[in-house]
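The block underneath contains the structure these notes are about, expressed in structure tokens.
To find a chain, count down the sequence lines: A is the first, B the second, and so on, and within it residues start at 1. Please read these numbers as outputs of a predicted model, since none were measured by experiment.
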Amino acid sequence: SPGWPMVINTWGGPFVNATDAAYEALLRRDVSALDAVEIGCTVCEENQCDGSVGFGGSPDENCETTLDAMIMDGVTMKSGAVAGLRRIKNAIGVARAVLEYTSHTLLAGDLATQFAIDNGFQEENLTTDATLARCATWREGNNCQPNYRQNVSPDASAGCGPYTPLALDSSSPDYFGLIAPDAAQASHD
Amino acid sequence: TISLMAIDAAGIMAAGTSTNGASFKVPGRVGDGPITGSGSYVDGDVGACGATGDGDIMMRFLPCYQAVENLRRGMNPEEAAYDAVLRMVRKYPAVASGIVVVDKDGEHGAAASGWGGTFTYAFRGGLMNATNVVGVPNI
């Protein structure tokens, strides 16, 4: 242990700016551990870290970036979270607002966005030119590969949708293989 | 994904996670990041955990809840992280996962699986002048 105060987080490289921001904030006596978590994660969101945090990264099939965030207080065990947050950049800030201004734990989707707007967060487009270029390559250059669809027609491992579900039969030899695959995700959170 | 844990000068702990998820996901998909006990978890009496990886798989195991409970049962942070990762690897051998654990005294450790490169974590505390980055081999 290096002693207190202390900050520790996943990943090095561009994520170190978040570590430093949170640690340096904790050196000020008026900043709490919760504040430091919010400050560190916000730095990563603003800097887009390695592309896996914040606006513009990890677009969905429709090229939209949505954000997930959660913050937890180690004293009260209370947590606030947002899932599939649309059009708001500061996801960890909205999660903090869920923690501070509601007795709920998780808000999702468009209604989480509305909560954020009601709490003073600015609605913004999370798509960037880089997002659009990446999406175009995925759709037109790579024929929508990889993707997360299965048991659909047309074959999702070979082409783009729209997809329709295939009838499933639990006596099929492939059925349980699809439920517990050895495969990893095509990309990670 | 960033999953970050903080201990203030009085030993008060907090944790959090922020992510934009997986690329080219089905619209509406939510990963492990906002799930308490999966993306991160903290009990200030014991310690905290942060996670990153294949969220669709990880959120089925609540690995950060498991890791903090492992601390409570007497494991050190590295052992706690290793056990949490191993529980996922046993069922999903190819899962990409990275678990970082810190106890209430600031002792820390991590475990990882399935990365093409090396999973890393960063920490800074006490009187350190700069952040240290630690590489974690896949189990």
Take B:T36 and A:S79 through the side chain to side chain donor-acceptor pair (under 3.5 Å) test and state the conclusion after the steps.
-> CA-CA 7 Å; B:T36 308; A:S79 69; 2.9 Å; yes
Output for pair (A:T10 OG1, B:Y121 OH), nearest 0.5 Å, gives 12.0 Å
Here the pair of heavy atoms bringing A:P2 nearest to B:G106 is CD-O, 3.9 Å
Inset, instruction - Please lay out, stage by stage, how A:V16 and B:V133 fare under the test side-chain contact (heavy atoms from CB on, under 4.5 Å). - result: CA-CA 8 Å; A:V16 166; B:V133 176; 3.7 Å; yes
For residues 30-43 of chain A against chain B, heavy atoms under 4.5 Å, the residues are A:A33, A:L34, A:A36, A:V37, A:G40, A:C41
The interface call for A:C135 against chain B, heavy-atom contacts under 4.5 Å, is both
Chain B shares the most heavy-atom pairs under 4.5 Å, among A:C49, A:A22, A:G54, with A:G54
In short, B:K104 meets A:W4 closest at the heavy-atom pair O-CZ2, 3.1 Å
Heavy atoms of B:I2 and A:A18 approach each other most closely as CD1-CB, 3.5 Å
The interface call for A:Q145 against chain B, heavy-atom contacts under 4.5 Å, is neither
Exercise for review: Just say parallel, tilted or perpendicular for the rings of B:F119 and A:W11, cut-offs at 30° and 60°.
Suggested key: perpendicular
### Message
Using only atom types and a distance under 3.5 Å, with no angle test, would you say the side chain of A:D68 pairs donor to acceptor with the backbone of B:G31?
### Response
yes
Nearest heavy-atom contact between B:N20 and A:V53 is ND2-N, 3.3 Å
If one checks every heavy atom of A:T66 against chain B at 4.5 Å, the contacting part turns out to be both
Given A:I71, A:V7, A:D73, the one with more heavy-atom pairs under 4.5 angstrom with chain B than any other is A:V7
Would you confirm whether A:S58, through its side chain, and B:G21, through its main-chain N or O, come within 3.5 Å as a donor-acceptor pair? yes
Tightest non-hydrogen contact, residues B:S18 and A:A91, listed as OG-CB, 4.5 Å
Max heavy-atom pairs within cutoff under 4.5 Å with chain A, candidates B:V30, B:I99, B:T19, goes to B:T19
In terms of heavy-atom contacts, A:Y148 and B:K25 come closest through CD1-CA, 3.8 Å
Between the side chains of B:R29 and A:D189, is the shortest nitrogen-to-carboxylate-oxygen separation below 4.0 Å, so that they form an ion pair? yes
**Prompt:** Salt bridge or not for B:R124 and A:D20, using N-O below 4.0 Å?
**Reply:** yes
Okay, B:V102 and chain A: the region with an atom under 4.5 Å from a heavy atom over there is side chain
Whatever's closer than 4.5 Å to a heavy atom in chain B on A:L67 counts as both
Are any non-hydrogen side-chain atoms of B:V26 and A:D60 less than 4.5 angstrom apart? no
Looking only at A:E45, A:M70, A:R134, most heavy-atom pairs under 4.5 Å shared with chain B are made by A:M70
Among residues 106-115 of chain A, those lying within the under-4.5 Å heavy-atom range of chain B are A:L106
Answer key: most heavy-atom pairs under 4.5 Å with chain B among A:A69, A:G12, A:S52 is A:S52
Applying a strict 4.5 Å limit to non-hydrogen atoms, the region of B:A51 in contact with chain A is backbone
